[in-house]
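Quick note: numbers below take in every heavy atom, side chains included, and nothing from hydrogens, waters or symmetry partners.
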Amino acid sequence: MNRHFFLSLIFLSLIFLNLFGCEQKTSAPAYQWAIPEGFPKPQVPSDNPMSDEKVALGRFLFYDTNLSANQTQSCASCHQQPHAFAEPLKVSVGSTGERHRRNAQALVNIAYNKTLTWAHPSLDSIELQMLLPLFGETPVEMGITGHEQTVLARFNNGHYQTLFVAAFGSTEVSFNKINQAIASFVRSLVSFTSPFDQYAYGLDDNALNESQLRGMNLFFSERLECHHCHGGFNFTQSTSHEKQLLDRRPFHNTGLYNQGNSYPNKDIGLAEMTLELRDNGAFRAPTLRNIAKSSPYMHDGSVATLADVVDIYAAGGRNVTQGDYIGDGRQNSHKSPFVKGFELSESEKTDLLAFLNSLTDQAFLTNAAFSNPFVSSQNHQALK
């Protein structure tokens, strides 16, 4: 997404609020977060407080292909629960078949995210970010623009009227309500029951085996320096919550490419927005929670496995020797100082990968509360 498109997004958001209103149910019981005792709560926009009813409505909308103009895709098409709400494609494909530039990020604990998407410092709320897949035209994802009334009419049925009344106190359907409900559901996707969590926060000394413990020590060592970009309880720098409001710089050039000391023109990352040379090739460090389930990796899905990721960091970047993007990323002068390379034995690599696998939360990947609520294809078809 370039600066011109971001300005269009701001304009679109203003139109969105004017056209579709700011409906909000004013009173609701306090939402109970499924987070460990003592953990800080995520920050939530004051105009869209969490509620069980909005989460329930948002879950249906998230999985409903009626939300795309041509009824071929839902949010869940690119954000699939078994893959930590990412998808096993290098880059996403929109509802019209348009191939995108970037890999779909996992939706894990994004209620805690300070910034969203791969390379945008100002997209700091789920509500704002969601305007892109819903209404964006470059690229097209859900393709609603130009079909707004047709899409809204699909939710004027008894099933959704009941859900809208529960969530907002009215049967009236609007894109503002749809936006707020889906944002609420996505915020509810929290993951804190991995073996690592059981060890670190559940005080279960047996939750990690010896290999995973050795890998954990490597991960947090100054020798590997992984934790500098993937730190904190959410394993990412881009974190904000009620006790930590300041954001560290979460964007990094990891030395994947080097074409004339630049990343490929098709995607130069953060520099598209800031126009600063130092930001060429800088992308947001994603959370490592459930990372073993969200392959392929990097902003363009160009790295197939976690083992490959470790090899690239061990080498201090990637040397591309064939194809369209030949160049030695290790020599990119904009590369993060933390990607300096390191020596790693095969047994140490095995231990590090074992630790990364300990961040997999099987309960999150199978949680029925996050799953497709349409009990059958016939039921789903009846709502179209």
**Study point:** Stepwise side chain to side chain contact (heavy atoms under 4.5 Å, CB included) check, H79 with Y63
**Key:** CA-CA 10 Å; H79 297 285; Y63 282 95; over 6 Å; no

Decide yes or no for [X] and [Y]: does some side-chain heavy atom of the first lie under 4.5 Å from some side-chain heavy atom of the second?
| X | Y | result |
| --- | --- | --- |
| L57 | L61 | yes |
| E141 | S68 | no |
| K177 | E172 | yes |
| D52 | V55 | no |
| R284 | N113 | yes |

Point to revise | side-chain hydrogen bond (donor to acceptor under 3.5 Å, both in side chains) between N109 and S191, intermediate numbers included | key: CA-CA 6 Å; N109 291 354; S191 174; 5.2 Å; no

Distance alone, cut at 3.5 Å: any donor-acceptor contact between the side chains of [X] and [Y]?
| X | Y | value |
| --- | --- | --- |
| Y297 | N103 | no |
| N234 | T236 | no |
| N66 | Q71 | yes |
| N258 | K335 | no |
| D64 | S74 | no |
| E127 | N48 | yes |
| T115 | D124 | no |

**Study point:** Summary of side chain to side chain donor-acceptor pair (under 3.5 Å) pairs that have at least one residue in residues 302-315, sequence neighbours excluded
**Key:**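 Every pair satisfying side chain to side chain donor-acceptor pair (under 3.5 Å) with a residue in residues 302-315: D300-S302, S302-R318, T305-D308, D311-K349.
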
Is the gap between the ring centers of [X] and [Y] under 6.0 Å?
| X | Y | value |
| --- | --- | --- |
| F374 | F60 | yes |
| F135 | F175 | yes |
| F251 | F283 | no |
| F364 | F85 | yes |

Practice item. Might you work through the ring-ring contact (aromatic ring centres under 6.0 Å, His included) test for F192 and Y201, ending with a clear yes or no? Key: CA-CA 9 Å; F192 287 109; Y201 309 119; 7.4 Å; no

**Study point:** N253 backbone acceptor or donor facing H334 side chain under 3.5 Å
**Key:**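 Checking the backbone N and O of N253 against the side chain of H334, no donor-acceptor pair under 3.5 Å is found.
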
Review point. Can you tell which of D361, N357, L107 makes a side-chain contact (heavy atoms from CB on, under 4.5 Å) with N290?
Key: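 One option only clears the test, and that one is D361.
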
**Study point:** SB check E87 R102 (cutoff 4.0 Å)
**Key:**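 No salt bridge links E87 with R102.
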
Not counting sequence neighbours, which residues clear ring-ring contact (aromatic ring centres under 6.0 Å, His included) with [X]? List them please.
| X | value |
| --- | --- |
| F219 | F235, F355 |
| F185 | F62 |
| W33 | Y31 |

**Study point:** Enclosure of K90 NZ (heavy-atom neighbours >12, cutoff 6.0 Å)
**Key:**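 No - once you tally the heavy atoms of other residues, nucleotides and ligands closer than 6.0 Å, there are 12 at most.
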
Check your understanding: Is the CD atom of E276 crowded by more than 12 outside heavy atoms at less than 6.0 Å?
Key ->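 It does: E276 CD has more than 12 such atoms within range.
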
Review point. Going by the salt bridge (charged side-chain N to carboxylate O under 4.0 Å, His left out) test, which pairs reach into residues 286-299, not counting sequence neighbours?
Key: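 Sorted pair list: D197-R289.
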
**Study point:** salt bridge (charged side-chain N to carboxylate O under 4.0 Å, His left out) contacts touching residues 218-231 (sequence neighbours left out)
**Key:**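 Residue pairs passing salt bridge (charged side-chain N to carboxylate O under 4.0 Å, His left out), neighbours aside: R223-E348, E225-K340.
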
Exercise for review: Grab the two heavy atoms, one from L67 and one from V151, that are nearest each other, plus how far apart they are.
Suggested key: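 Looking at all heavy atoms of both residues, the closest pair is O-CG1, 3.9 Å.
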
